[in-house]
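Each remark here refers to the structure printed beneath this line.
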Amino acid sequence: MTQHQRLLIIDFGSQVTQLIARRLRELNVYCEIHPYQNVTDAFLTEFAPKAIIFSGGPDSVTREGSPRPPQSAYTLGVPVLGICYGQQVMMQDLGGLVEAGQSHTAEFGRAYVVPTAEKLSILEGWFAGEQHREQVWMSHGDHVSKLAPGFEVYGTSSGAPFAITADLSRNFFAVQFHPEVHHTPNGAKLYENFVRLAGFTGDWTMGAYRAEMIAKIREQVGDKKVICALSGGVDSSVTGILLHEAIGDQLTCVFVDHGLLRLGEAEQVVDMFRQNYNLNLIHAEESDLFLGALEGVSDPEVKRKTIGKLFIDVFQKYANEIEGAEFLAQGTLYPDVIESVSFSGGPSVTIKSHHNVGGLPEKMGLKLVEPLRELFKDEVRALGHELGLPASFIGRHPFPGPGLAIRCPGEITREKLEILRKADAVYIDQIRKHGLYDEIWQAFVAILPVRTVGVMGDGRTYDYACALRAVTSVDGMTADYYPFTHEFLGETATRIINEVKGINRVTYDITSKPPGTIEWE
Ligand code: XMP
C-alpha cells in the first residue's frame, strides 16, 4: 500500500482530540491519534511523522509526573503544534514557565484573540474581518507565565497573554485555545496553514483509498472466501461493496432479517444490493425465531442480549453453509479502535449492551477483514459515494442493531410493531416533505406501553400513545432535541392519528442526551 504522508497527534486526554484528526482528514491529510504513553522515541522514529500535534488534556504540567511527549518530538526537525495543555507542555519542556490555575487567569468558553506582531504563516487568513480579531474557544485553568527561549507572541486574548506563540526558527507553534472546535470558526484555516507549511500535499483522498484498499484486500484474502454481515447501514454496506469490488464472487453477504426492521426496509436493502451490485446475498428471513424468543420480554437489557445472541446464532448457521469461508468482514471504524487516554483508570459503566457480532470470529475460527478501520464516519460516506452508493442511501439516519425492539418499550407484539412501522413511516415522510431530513441526525417513533382514551367522530377510542423523537448530534454521544415548529408537530400528529389505526395520542420527546439517551431503551 502506498505510504502516505503522516501526521502524528499525541493525545494527552482531551475530550476533543478526535476533532483534530477530523479537521486534518478533511484537509486530505492522513493522521493517527496515539496516547502519549505509547509514544516513545522508538515509536516516533518508526512512525516518521511529517508533523506532530500535541493535543489538549485535563492534567496540569505543574504536577510532577504529568504527561509528556518523548524528547525526540523536539529534535526530529518537523513542525510541532501544541494545543492548550499541548502548549503548556511545550513551554515547560523547552524552558518556559506554566503556573497552576488561579481564578483570574482561568478561561472557559468564548474569547477573542487579537494579533500582536507581524503576520504569522499559520495565521494566513486570520484577523481579516473589520474588527481584526478572531473568536476562539478557551478551556484552561493553568496558564503560561513565561515563554520558552526562542518563542514570541503573535496573538493575545484578555485572559491569555500568550494565546498564540511560535518559535519560527524551529517551526514550533503553540496556542492556548482549541482551533479544532466549532466555536473557533476560523480554526480549520489554522490547521490548513500548518499542514501546508509542513509540506503535506493532501494525498489522502477516498478515490486513492478505494484503489489501495482493493489491492490490500486482494493481498490479504488471496483466493479464500469471505462472509459479511450486512445490516443495510452505511458501514456494513460500504464494507460489502468494497469487498465485492475487490474479490467478486468470493464474498457472500448475509442479511439477517429479525422482523424488527422498518416498513419495507428488508425489501429495499435486498433489492438495492441484488439489482445494483449483483453480489451473493443471503436474505435470512428469521422473524419468527426472533419474535418468538422476545415474547413476554420487557426488560431492555434482556431484549438486547436475546437479539444479540440470536443474531450470532443465525449468522453462524448461514455462514456454516458457505464452504471454506476463512474471513469475516466487519465495518469497524477508526473511532472504535482509537485507544483512549483514561485518567479514571476504571472501566466505564455499561449504559446499554450494543449489538454486534463480537466474539464470532474466534468462535468460528475466522480471520477479520476490516477495510474501514482507518476511516471516520464522514470518510466512509465519501467512500460510499465513490463506490456509487445512492446519496439517499448514504445519507440515511443511523438505525440500531436491535431495531424496533428498543423503540417499543415494554413487551413486543406483532400488533404493536405493525402500528409502530406505519407511524414511523408517516413521521419520516413528514420530515422529508418539509425538507428537514438532512438537518436531523436521527428521527423515529417509539410506541409507548400505554393506552389512552380519545374521541374520534362520535366514538370513544382507547388506543396506544406514541412519542416522536428527533435529535441533532455529531456522533451520537451527545444530542439535542430538534426544535420543530408547533405547526409541523401539529400537522404530523394529525396525520399519524388519521392514518395509523391504533394510535390516538402523539407526544414529542424534548429530552437531550445526556441526561436522556437517543433511543428509548
Ligand atoms: P443511545 O440510545 O445510546 O444511542 O443514545 C446512540 C446511537 O447508537 C444507536 N444505537 C445502537 N446502534 N446497536 C447499534 O448498532 C445498538 O445496540 C444500538 N443501541 C443504540 C442509536 O440508534 C443512536 O444512533
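Order of listing sets the numbers, starting from 1, for every ligand and every atom in it. Numbering starts at 1 and runs along the sequence shown.
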Under-4.0 Å heavy-atom contact with ligand 1, by part of W441 that carries it: side chain
If you count every heavy atom of other residues, nucleotides or ligands that lies below 6.0 Å from E439 atom CD, does the total exceed 12? yes
Look at atom 6 (C) of ligand 1 and find which of R469, R304, K513 reaches it with the closest heavy atom. K513
Assess whether a salt bridge exists between K377 and D235, defined as any Lys/Arg side-chain N lying under 4.0 Å from an Asp/Glu carboxylate O. yes
So for ligand 1, is E521 a polar contact partner (N or O within less than 3.5 Å, distance only)? no
Could you list the residues that satisfy salt bridge (Lys or Arg N to Asp or Glu O under 4.0 Å) with R495, not counting sequence neighbours? D429, E499
Residue selection (non-hydrogen contact nearest atom 12 (N) of ligand 1) among A405, G516, P400: P400
Here the ring pair (Phe, Tyr, Trp, His ring centres under 6.0 Å) pairs for residues 391-436, sequence neighbours left out, are H397-Y437, H434-F488
Would you say ligand 1 has an N or O under 3.5 Å from any N or O of G401? yes
Any atom of ligand 1 sitting under 4.0 Å from a heavy atom of W520? no
Charged N to carboxylate O under 4.0 angstrom, R414 versus D288? yes
Mark up the atoms of ligand 1 that fall under 4.0 Å of a heavy atom belonging to P402, in ascending order. 13 (N), 16 (C), 17 (O)
Please confirm whether I518 comes within less than 3.5 Å of ligand 1 when only nitrogen or oxygen atoms on both sides are compared. yes
Does R22 come within less than 4.0 Å of E26, counting only side-chain N to carboxylate O? no
For T517, counting its heavy atoms only, list the atoms of ligand 1 lying under 4.0 Å from any of them. 1 (P), 2 (O), 5 (O)
Is there a nitrogen or oxygen of Q442 sitting under 3.5 Å from a nitrogen or oxygen of ligand 1? yes
Between W137 and H178 (judged by ring centroids, cut-off 6.0 Å), do the two rings come close enough to count as a pair? no
